[in-house]
Amino acid sequence: MDRIDAIVSLAKRRGFVFPSSEIYGGSKSAWDYGPLGVELKENVRRAWWRSMVTFRDDVVGLDSAVILAPEVWAASGHLTEFVDPLTECQSCHKRYRADHLTDEHSARHGAAPASLTELTCANCGNRGTFSPPRNFNGLVRTSLGPVEDTSSMHYLRPETAQGIFVNFLNVMQSSRRKPPFGIAQVGKSFRNEITPGNFIFRTREFEQMELEFFVKPGEDEQWHDQWLAERWRWWTDLGLSERNLRRYEHPAAKLAHYAKRTVDIEYRFGFGGKDFDELEGVSNRSDFDLRTHSTASGTDLSYFDQENGERWFPYVIEPAAGLTRAVLAFLLEAYDVDKAPNTKGGMDSRTVMRFDPRLAPVKAAILPLSRNPQLSPKARGLATDLRRRWSVEFDDAGAIGRRYRRQDEIGTPYCVTVDFDTLSDNAVTVRDRDSMKQERVSLDHVEAYLLERLPG
Ligand code: ATP
């Protein structure tokens with residue numbers, strides 16, 4: 001089975017990610033995060049927030065609204081520029097993004113197609129049936145208020161960034177910051193994607209983790225390089241291997257309307273003939289944002305640099321990552337199948353999610369060897385103690401080997417077995433997920449043992 005199919009099936013079976021509205025047939029627009037998925041996503045979000053906000057003294061956080069004043073999207077350029085080229089197969093009417101079709105063709109054949117007429121529709125197999133691309137705006141619209149007319153038209157944000165720009169003065173003044181400093185935000189974004197798909201990689205409702213870092217013009221290029229290096233370090237530190245990551249420099253001719261330079265960090269998702277796809281975009285947005293919002297709103301968002309007696313619009317360096325897309329990358333990276341000893345002295349294949357312990361949805365599982373009036377209370381007591389610090393599962397149903405497999409499959413770093421010896425030696429067996437090595441640890445030392453091995 002293909003790696004991605006294995007992940008989709010494991011995600012459903014074990015409660016990471018479910019198709020949204022599944023009982024009504026599901027929707028590709030969005031997915032729902034189950035009990036383990038919500039923990040994993042929260043752990044990724046927390047790791048990002050800690051590295052971007054908590055551990056730094058030059059970044060502060062924000063949680064702005066999803067629905068902003070419509071004027072924001074006019075000034076930002078989204079009403080006119082946030083468009084994708086839509087093409088449709090004239091034979092089966094399946095719609096595609098024309099740029100995705102040409103990218104996939106280039107990845108497969110090493111050269112771009114001369115035109116869409118060279119391409120075959122993946123849905124019906126007909127060749128050369130694509131309509132000329134036309135621009136399609138990706139903003140999701142909604143109507144607010146009791147009367148539906150042009151004045152009630154609003155948009156769900158397609159990125160969290162604009163909520164940061166329009167709060168630039170509020171944040172700078174209230175938190176007494178001056179450039180270089182940044183504002184970070186994590187939250188939902190919405191895009192009317194032409195072709196949502198590839199599981200949670202591309203959806204119409206998703207979550208982003210964005211930093212807008214404001215710097216003095218002239219210092220922007222150096223900060224851009226610094227943030228690129230910092231973001232690369234973050235992904236690899238949490239377990240993405242360097243061979244599955246690469247940088248993609250946007251050619252000058254294809255840069256977005258606001259960008260001076262953009263470098264994507266791409267991950268080897270392995271979809272549709274393409275090896276790598278975008279995980280995070282790190283952009284130098286120039287002074288486009290604060291300048292255009294100043295002109296459009298009439299509020300001056302420039303900065304007066306008292307030291308030099310100069311007024312300037314800060315340049316913005318933007319590392320913009322997808323949170324839900326990050327969850328997919330970490331799921332793919334963690335997935336492994338190896339061999340584990342079975343009770344008959346042979347080896348069985350086991351599926352193991354090798355999450356970094358910081359990301360693992362469950363940190364430890366407490367497993368009494370059997371359901372027993374003496375073992376169960378001891379095991380439950382231990383689980384209650386450890387739950388004050390970590391997310392812990394208690395499981396006393398079925399054979400111990402099968403319970404280990406279940407925990408391996410959800411990536412639990414440690415299994416703690418309470419057995420009959422525990423009643424005399426007051427110790428338990430701690431099993432390591434990756435090495436499967438077991439160690440005897442005294443009950444009152446279990447918390448310290450885990451503390452040493454589970455980074456905060
Ligand atoms: P793409 O080229 O894949 O459409 P983009 O270049 O439009 O992405 P950005 O606007 O740079 O994406 O958004 C920043 C990040 O937000 C992306 O790197 C990605 O991780 C995430 N993201 C963007 N669109 C989606 C989506 N439809 N579903 C899930 N994540 C998304």
Side-chain angles (χ1 to χ4, degrees), residues 17 20 27-31 33 37 41 44-45 48 52 73 76-78 81-86 96-104 107 136-140 156-165 184-212 224 227-228 231-232 234-235 240 245-251 254-259 261-269 271-272 274 276-285 288-289 316-332:
V17 182
S20 186
S27 146
K28 278 189 177 172
S29 287
W31 294 77
Y33 291 78
K41 179 148 68 70
V44 175
R45 192 198 65 77
W48 187 88
M52 303 299 263
W73 307 111
S76 67
H78 281 86
E81 306 287 333
F82 192 61
V83 288
D84 288 323
L86 166 70
Y96 295 90
R97 251 176 78 171
D99 55 332
H100 286 173
L101 287 182
T102 50
D103 281 358
E104 277 174 29
F136 172 81
N137 193 292
L139 287 171
V140 175
L156 306 190
R157 68 180 177 197
E159 59 180 31
T160 68
Q162 298 303 323
I164 295 178
F165 300 136
Q185 164 152 242
V186 182
K188 289 239 167 164
S189 292
F190 301 80
R191 297 185 185 182
N192 201 0
E193 297 281 359
I194 296 167
T195 42
N198 290 330
F199 192 33
I200 53 175
F201 176 81
R202 186 179 304 284
T203 47
R204 294 189 172 124
E205 174 177 349
F206 56 99
E207 283 176 75
Q208 291 186 303
M209 310 183 284
E210 296 194 295
L211 168 70
E212 308 304 321
H224 192 200
W227 275 112
L228 258 170
R231 294 302 305 144
W232 182 275
W234 187 81
W235 292 108
L240 299 192
L245 287 169
R246 72 170 189 198
R247 287 181 178 203
Y248 169 74
E249 176 95 35
H250 285 225
K254 286 196 172 173
L255 283 173
H257 62 284
Y258 51 76
R261 181 183 173 216
T262 299
V263 181
D264 291 343
I265 297 178
E266 296 189 327
Y267 181 71
R268 196 193 291 273
F269 288 99
F271 298 129
K274 270 178 88 185
F276 287 89
D277 270 295
E278 177 176 339
L279 180 58
E280 169 162 12
V282 185
S283 246
N284 178 344
R285 300 182 64 113
F288 175 86
D289 305 287
V316 174
I317 308 302
E318 176 194 69
L323 170 55
T324 40
R325 206 174 271 189
V327 167
L328 178 56
F330 287 121
L331 282 168
L332 284 166

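For reference, positions follow the sequence shown, starting with 1. One-based numbering, in listed order, for ligands and for the atoms of each.
Legend: residues meeting side chain to side chain donor-acceptor pair (under 3.5 Å) with Asp103, ordered by chain and number and at least two apart, are absent. Shown here are the salt bridge (Lys or Arg N to Asp or Glu O under 4.0 Å) partners of Glu210, two or more places apart in sequence or in another chain: there are none.
The nearest protein atom to atom 30 (N) of ligand 1, hydrogens excluded, is given as Phe206 CD1, 3.4 Å; this is a heavy-atom distance. When hydrogens are left out, the protein atom nearest atom 3 (O) of ligand 1 is Arg202 NH2, 3.0 Å; that is the closest non-hydrogen contact. Here the protein heavy atom with the shortest distance to atom 29 (C) of ligand 1 is Phe201 O, 3.1 Å. Nearest protein heavy-atom neighbour of atom 19 (C) of ligand 1: Arg325 NH1, 3.5 Å. Shortest contact from atom 21 (C) of ligand 1 to any protein heavy atom: Gly322 CA, 3.6 Å. Protein heavy atom at the shortest distance from atom 15 (C) of ligand 1 is Ala320 O, 3.6 Å.
Each of Trp232, Tyr267, Trp235 was checked for a side-chain hydrogen bond (donor to acceptor under 3.5 Å, both in side chains) with Glu280, and the lone residue meeting it is Trp235.
In this structure, Arg97 is part of the shell of residues with a heavy atom less than 4.0 angstrom from ligand 1. Not close to ligand 1: Glu159, with no non-hydrogen atom less than 4.0 angstrom away.
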key: From CA spacing to verdict: side-chain contact (heavy atoms from CB on, under 4.5 Å), Trp31, Glu205   = CA-CA 8 Å; Trp31 294 77; Glu205 174 177 349; over 6 Å; no

ask   = For Arg97 and Glu193, what are the C-alpha separation, side-chain angles and deciding distance, and is it a salt bridge (Lys or Arg N to Asp or Glu O under 4.0 Å)?
value = CA-CA 9 Å; Arg97 251 176 78 171; Glu193 297 281 359; 3.6 Å; yes

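Across all non-hydrogen atoms, the minimal contact from Ala321 to Arg231 is CB-NH2, 4.4 Å.
Checked against a 6.0 Å centroid threshold, the rings of Phe271 and Phe201 count as neighbours.
In the displayed structure, Lys28 atom NZ is contacted under 6.0 Å by at most 12 heavy atoms of other residues, nucleotides or ligands.
With atom 6 (O) of ligand 1 as the reference point, the heavy atom nearest to it among Gln208, Glu278, Glu280, Glu210 is part of Glu278. Distances from atom 26 (C) of ligand 1 to the heavy atoms of Asp103, Asn198, Thr203, Asp99 put Thr203 nearest.
Within the listing of ligand 1, atoms 24 (N), 26 (C), 27 (N) sit less than 4.0 angstrom from a heavy atom of Glu193. Ligand 1 places these atoms under 4.0 Å from at least one heavy atom of Arg191: 5 (P), 7 (O), 9 (P), 10 (O), 12 (O), 13 (O), 23 (C), 24 (N).
In this structure a side-chain-to-backbone donor-acceptor pair under 3.5 Å is missing from His78 to Asn137.
Only the backbone of Leu279 comes within 4.0 Å of ligand 1, counting heavy atoms alone; no side-chain atom from C-beta on gets that close.
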